[in-house]
Amino acid sequence: MARVALVTGGTRGIGEAISKALKEAGYTVAANYAGNDEAAAKFKSETGIPVYKFDVSDAAACESAIKQVEADLGPVDVVVNNAGITRDKMFHRMTFDQWSQVIRTNLDSMFTVTRPVIEGMQARGFGRIIIISSVNGQKGQVGQSNYSAAKAGVIGFAKALAQENAAKGVTVNVISPGYIATEMVRAVPAEVLNSKIIPQIPVGRLGEAEEIARGVVFLASDEAGFITGSTLSINGGQYMA
Ligand code: NDP
């Protein structure tokens, strides 16, 4: 039986590449999204991967949606906590709403999405929790105190959960991407990319979403069973943690 993988925010950007790569590697994949029905429908028709609309910051919604995923596809063996948002503002101008939207989506989702699957993974003696953080959670970033806090928080979460589950066949790891050529980053004017962003990246280019996805496929595999509580930086050398 193919293992079942749930990818949050799995219909666009980095998550889309992760969903496709896991399918290609033989997993039965469920892709979650928040509200962009058009992008999700396009993704579903192109990939044949079922999509599940729910808000990862809503504990009750996650619990019932994950029950539905398990009823449709079988117990979840791999969770990729990828869904994330930014609400950038200098901290002295930031509203509590901008702070808490980012904390809820990027950090509370560690609880809401992982909690419903962890006991099943423990009982079956196998599980992979893979979390997508960010270089800006490691080094901090102007205008992103909310995002940097959440993305640093997930690293602490992964280390604690990894220790709790190390003897149970369940590994918990983080991938920390640098600048990846998603729609959002491609929308930055070429002049800004070339003068400000690329010069910070020793490899001399943006990363590709598929390069993050390859890391996920590796960490999900049986061969990665000795890796837990670690953070894999995929950032072209921009920040060496
Ligand atoms: P995108 O904005 O391209 O896609 C985000 C995905 O997450 C979409 O599928 C979106 O759904 C979903 N999503 C957002 N909020 C929620 C929510 N509350 N509940 C459920 N799904 C949600 O993001 P990226 O691909 O750029 O980023 C993916 C991850 O990688 C994020 O965690 C991000 O912080 C991280 N990252 C990205 C970098 C980059 O350069 N792009 C760099 C470092 C880290 P919908 O389509 O419905 O909106």
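In each ligand, atom 1 is the first atom listed, and ligand 1 is the first ligand listed. Computation of the quantities below employed the complete heavy-atom set of this structure, encompassing side-chain atoms and omitting hydrogens, waters and symmetry-equivalent molecules.
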Undergrad: Taking NZ, NE, NH1 and NH2 as the nitrogens, is one of them in Asp77 or Arg124 under 4.0 Å from a carboxylate oxygen of the other?
TA: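 Answer for the salt bridge query: yes.
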Undergrad: So, Glu164 and Lys168, do they make that salt bridge, N to O below 4.0 Å?
TA: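 No salt bridge links Glu164 with Lys168.
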Undergrad: Give me the atom names and distance for the closest heavy-atom approach of Pro199 to Lys196.
TA: CD-C, 3.7 Å
Undergrad: Mark up the atoms of ligand 1 that fall under 4.0 Å of a heavy atom belonging to Asp55, in ascending order.
TA: 17 (C), 18 (N), 19 (N)
Undergrad: Among protein heavy atoms, which lies nearest atom 41 (N) of ligand 1, and at what distance?
TA: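 Closest protein heavy atom to atom 41 (N) of ligand 1: Thr182 OG1, 3.2 Å.
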Undergrad: For Ile180 and ligand 1, does the shortest N/O to N/O distance drop below 3.5 Å?
TA: yes
Undergrad: Taking only heavy atoms of Ala83 into account, list the atoms of ligand 1 that are under 4.0 Å away from them.
TA: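 Within the 4.0 Å cut-off of Ala83, ligand 1 contributes 7 (O), 13 (N), 21 (N), 22 (C), 32 (O).
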Undergrad: Within a distance under 4.0 Å of any heavy atom of Val185, pick out the atoms of ligand 1 and give their elements.
TA: 40 (O)
Undergrad: So, using side chain to side chain donor-acceptor pair (under 3.5 Å) as the criterion, who are the partners of Arg12 when residues are at least two apart?
TA: none
Undergrad: Does some non-hydrogen atom of Ala39 fall short of 4.0 Å from ligand 1?
TA: no
Undergrad: Where is the nearest protein heavy atom to atom 46 (O) of ligand 1: which residue, which atom, and how far?
TA: Arg12 NE, 2.7 Å
Undergrad: Quick one: does Thr8 get a heavy atom under 4.0 Å from ligand 1?
TA: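 Checking ligand 1 against Thr8, which is what was asked, there is no heavy-atom contact under 4.0 Å.
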Undergrad: Got a salt bridge between Asp222 and Arg3, using NZ or NE/NH1/NH2 to carboxylate O under 4.0 Å?
TA: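 Arg3 and Asp222: salt-bridged.
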Undergrad: Considering heavy atoms of the protein only, find what lies nearest to atom 38 (C) of ligand 1 and give residue, atom and distance to 0.1 Å.
TA: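 The answer is Ile14 CD1, 3.9 Å.
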Undergrad: Would you call Glu16 and Lys20 a salt bridge, taking side-chain N to carboxylate O under 4.0 Å as the test?
TA: yes
Undergrad: Out of all atoms in ligand 1, which are within 4.0 Å of some heavy atom of Ile85? Include the element for each.
TA: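 Answer, ordered by atom number: 14 (C), 15 (N).
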Undergrad: Give the atom numbers and elements of ligand 1 that come within less than 4.0 Å of a heavy atom of Phe54.
TA: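 This gives 19 (N), 20 (C) as the contact atoms.
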Undergrad: Output the list of atoms in ligand 1 that are nearer than 4.0 Å to some heavy atom of Gly178, sorted by atom number.
TA: 40 (O), 42 (C), 43 (C)
Undergrad: Among all protein non-hydrogen atoms, which one is nearest to atom 7 (O) of ligand 1, and what is the separation to 0.1 Å?
TA: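 Answer for atom 7 (O) of ligand 1: Gly9 CA, 3.2 Å.
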Undergrad: Any cation-pi pair here, Arg205 with Tyr179, using under 6.0 Å and within 45°?
TA: no
Undergrad: Among Ser133, Gly84, Gly207, which one puts a heavy atom closest to atom 44 (C) of ligand 1?
TA: Ser133
Undergrad: Suppose we measure from atom 30 (O) of ligand 1 to each protein heavy atom; which comes out shortest, and what is that distance?
TA: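 For atom 30 (O) of ligand 1, the nearest protein heavy atom comes out as Ile132 CG2, 3.4 Å.
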Undergrad: For atom 11 (O) of ligand 1, what's the nearest protein heavy-atom neighbour? Residue, atom name and distance, please.
TA: Ala34 N, 3.2 Å
Undergrad: Keeping Ser133 on the side-chain end and Val174 on the backbone end, is there a donor-acceptor pair under 3.5 Å?
TA: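 Flag not set: sc Ser133 to bb Val174 has no pair under 3.5 Å.
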Undergrad: Does a salt bridge link Lys42 with Glu46, judged by any charged N lying under 4.0 Å from a carboxylate O?
TA: yes
Undergrad: What's the shortest distance from atom 43 (C) of ligand 1 to any protein heavy atom, and which residue and atom give it?
TA: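 Looking only at protein heavy atoms, the one closest to atom 43 (C) of ligand 1 is Pro177 O, 3.4 Å.
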Undergrad: Show the nearest heavy-atom pair for residues Ile234 and Gly215, with the distance to one decimal.
TA: CD1-CA, 4.5 Å
Undergrad: Nearest protein heavy atom to atom 33 (C) of ligand 1, by residue and atom, and its distance?
TA: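 Minimum-distance protein heavy atom for atom 33 (C) of ligand 1 reads Tyr147 OH, 3.5 Å.
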Undergrad: With side chain to side chain contact (heavy atoms under 4.5 Å, CB included) as the criterion, how do Leu206 and Leu193 come out once you've worked through the C-alpha distance, each side chain's angles and the decisive distance to 0.1 Å?
TA: CA-CA 9 Å; Leu206 299 174; Leu193 268 181; 4.2 Å; yes
Undergrad: Nearest to atom 19 (N) of ligand 1 by heavy atom, Val56, Ile212, Asp108, Val135: which?
TA: Val56
Undergrad: Polar-atom distance check: Tyr179 versus ligand 1, any N or O pair below 3.5 Å?
TA: no
Undergrad: Would you check the N or O atoms of Lys151, main chain and side chain alike, for any that come under 3.5 Å of an N or O of ligand 1?
TA: yes
